[in-house]
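Below, chains carry the letters A, B, ... as their sequence lines are ordered, and counting in each starts from 1.
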Protein chains: 2
Amino acid sequence: MNRLTPSPSPSTVADTDRRTMVLDSAMVTFARFGYRKTSMEEVARAADISRPGLYFLFSSKDSLFRAAVTQALERDLAAVEHVLADTGRPLAERLLAAFDQWAGRYIGPLTRDVAVVIEDNPGLLGEIVVTTPQRFEQLITNAIAVEAKVEAKQAAAGQVAQTMISASTGLKHQAASRDFYLERLEVAIDLLVR
Amino acid sequence: MNRLTPSPSPSTVADTDRRTMVLDSAMVTFARFGYRKTSMEEVARAADISRPGLYFLFSSKDSLFRAAVTQALERDLAAVEHVLADTGRPLAERLLAAFDQWAGRYIGPLTRDVAVVIEDNPGLLGEIVVTTPQRFEQLITNAIAVEAKVEAKQAAAGQVAQTMISASTGLKHQAASRDFYLERLEVAIDLLVR
DNA sequence: ACTATACAAATCAAGACTAGTGCGTATAGT
DNA sequence: ACTATACGCACTAGTCTTGATTTGTATAGT
């Protein structure tokens, strides 16, 4: 029906890039001012297109926001998957990098707003905000279970993953900087997968 | 000068109890409606004294709130200390009980408000809200260090304590019920002090 | 060592009104 | 496959007034 299904038209690739780029700048704008105080005018200006043009790409402010957040989360999850797949590196190292992609990069003074605007609008976003963390947990659990040699440790992989995620969540609230978050989380990971 | 210094008068004990009881009901009222929307009239009514009588005991709304929060935190910390001191019980068990006193009991639908009203008014409360958690961390660290037989584990006691607190903080945000919090934290503690 | 009553001053909630902003759509043009 | 312009509708922000609360204190009484 539209660009969600790949079409043979020659401009499809360019169109997809357009949407992607618009969603990127939209996410930044939403993060900066919050959902409510961000106008479609501002999003359009940031994306360097007209406001009606924006409505041509996204049917409403809601759906634009959902699409922007979905893209961001999906991208993060893909990065997490990619980092964890590099079995050449030690497990602890991969886990730290995975958590950094998932949460660490949203801790600084500016980037924090991204996490905030997502957590502030669960009603608008629907199930994405609950399913994506679940998929993240599954990825972490698998990465730990695969590495575990003893059976007992394999069974505990889920518990280790959950504890690690709780520690990460706590640190997200305690940490003022990405570096602080990473330092503390590295310690936590070492304690939990040793 | 006043009741902060023990006086030889025969009514001193009764006075202290009065203040204590007033502070208890005040804390409940503040938690229920928030600091701003709680009137001195309501606090007085809940404590079953007159409003001028309340001003006789506490010079202002600010100082009443500070005193109420301080007493609650101090009591929690004392309970934590007491639980940890019972060296007859296994370490993991004592730690779980300690965290339950510190955070777990403030997770349910009603009790949550206590934690919220404290976190919502850091400006009014001053340094209490930062020093008390530090003292809690110290208590946990000591409890772990004392138990550790190997030197290496003693050195890591601080790291274990910090990780445990981060997990607890994360769980406080993830958990809807006290039971969920306790189940997950028990797992975390077992993983960290095994 | 309080209670009951009262009071000035400050703060706050409610209502009404106005001006402005923003969403979604339509239309004409390129 | 868009841009430019415009329009109706809803909603929000700001302003003002008015009435009610609330704070802190004072005073008289027990």
Side-chain angles (χ1 to χ4, degrees), chain A residues 1-23 25-26 29-68 117 120-121 123-125, chain B residues 1-23 25-26 29-30 32-68 117 120-121 123-124:
Chain A
M1 186 83 81
N2 54 22
R3 276 153 205 79
L4 294 177
T5 4
S7 97
S9 103
S11 58
T12 295
V13 176
D15 284 357
T16 306
D17 282 353
R18 197 180 208 2
R19 283 178 66 95
T20 304
M21 287 168 58
V22 170
L23 288 177
S25 69
T29 311
F30 278 127
R32 211 163 178 72
F33 304 112
Y35 175 79
R36 262 193 45 203
K37 305 192 79 175
T38 298
S39 68
M40 293 294 270
E41 170 65 34
E42 264 169 355
V43 173
R45 202 186 314 140
D48 207 43
I49 60 175
S50 71
R51 195 169 65 90
L54 184 55
Y55 275 97
F56 177 82
L57 292 173
F58 303 95
S59 63
S60 70
K61 192 182 176 182
D62 287 30
S63 73
L64 166 64
F65 184 56
R66 259 190 300 273
V117 79
D120 278 1
N121 301 281
L124 289 170
L125 294 169
Chain B
M1 186 90 71
N2 53 23
R3 276 151 205 83
L4 294 179
T5 3
S7 97
S9 105
S11 58
T12 297
V13 174
D15 285 358
T16 306
D17 282 353
R18 197 178 219 343
R19 285 177 64 98
T20 304
M21 287 168 58
V22 169
L23 288 177
S25 69
T29 311
F30 278 127
R32 211 163 179 71
F33 304 111
Y35 175 78
R36 258 195 47 204
K37 304 193 81 175
T38 298
S39 68
M40 293 295 269
E41 170 65 35
E42 265 168 354
V43 173
R45 202 184 315 141
D48 205 44
I49 60 173
S50 71
R51 197 169 63 87
L54 185 54
Y55 275 98
F56 176 82
L57 292 173
F58 303 95
S59 65
S60 70
K61 191 180 176 183
D62 287 32
S63 74
L64 167 62
F65 183 57
R66 259 190 300 273
V117 78
D120 278 1
N121 301 282
L124 289 170

Rounded to whole Å, please give me the gap between [atom1] in [X] and [atom2] in [N].
{"X": "F65(A)", "N": "dC23(C)", "atom1": "CZ", "atom2": "C1'", "answer": "17 Å"}
{"X": "L57(B)", "N": "dG24(D)", "atom1": "CG", "atom2": "C1'", "answer": "15 Å"}
{"X": "E41(B)", "N": "dG24(D)", "atom1": "CD", "atom2": "C1'", "answer": "14 Å"}
{"X": "L64(A)", "N": "dG22(C)", "atom1": "CG", "atom2": "C1'", "answer": "14 Å"}
{"X": "F58(A)", "N": "dG22(C)", "atom1": "CZ", "atom2": "C1'", "answer": "19 Å"}
{"X": "L54(B)", "N": "dT25(D)", "atom1": "CG", "atom2": "C1'", "answer": "14 Å"}

Is any side-chain heavy atom of [X] closer than 4.5 Å to a side-chain heavy atom of [Y]?
{"X": "I49(B)", "Y": "L57(B)", "answer": "yes"}
{"X": "Y35(A)", "Y": "D62(A)", "answer": "yes"}
{"X": "V117(A)", "Y": "F33(A)", "answer": "no"}
{"X": "M40(B)", "Y": "L64(B)", "answer": "yes"}
{"X": "F58(A)", "Y": "R66(A)", "answer": "no"}

Between atom [atom1] of [X] and atom [atom2] of [Y], what is the distance when rounded to the nearest 0.5 Å?
{"X": "R51(B)", "Y": "E42(B)", "atom1": "CZ", "atom2": "CD", "value": "12.5 Å"}
{"X": "S50(A)", "Y": "F56(A)", "atom1": "OG", "atom2": "CZ", "value": "10.5 Å"}
{"X": "R36(B)", "Y": "D120(B)", "atom1": "CZ", "atom2": "CG", "value": "11.5 Å"}
{"X": "S25(A)", "Y": "F30(A)", "atom1": "OG", "atom2": "CZ", "value": "10.0 Å"}

*Which atom names give the shortest non-hydrogen contact between L23(B) and A68(B), and what distance separates them?*
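In this case the closest contact between L23(B) and A68(B) is CD2-N, 3.5 Å.
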
Could you list all N or O pairs between the protein and nucleotides 9-13 of chain C that sit under 3.5 Å apart?
from    : atom 1 : to     : atom 2 : distance (Å)
dA13(C) : OP1    : R36(B) : NH2    : 3.3

_Inter-axis angle, terminal five-pair segments of the helix from dA1(C)-dT30(D) to dT30(C)-dA1(D) [nearest 10°]_ =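 Here the helix ends are tilted 40° relative to one another.
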
*If the sugar-phosphate is the primed atoms plus P, OP1 and OP2 and the base is the rest, what is the B/S/- string for nucleotides 24-30 of chain C, using protein heavy atoms under 4.0 Å?*
BBB----

_Looking at K61(A) and T38(A), would you say the former's side chain and the latter's main chain have a donor-acceptor pair under 3.5 Å?_
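Such a contact is found between K61(A) side chain and T38(A) backbone.
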
*Could you tell me whether the phosphate oxygens of dA1(D), OP1 or OP2, come under 4.0 Å of any side-chain nitrogen or oxygen in R18(A)?*
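For dA1(D), neither OP1 nor OP2 has a side-chain N or O of R18(A) closer than 4.0 Å.
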
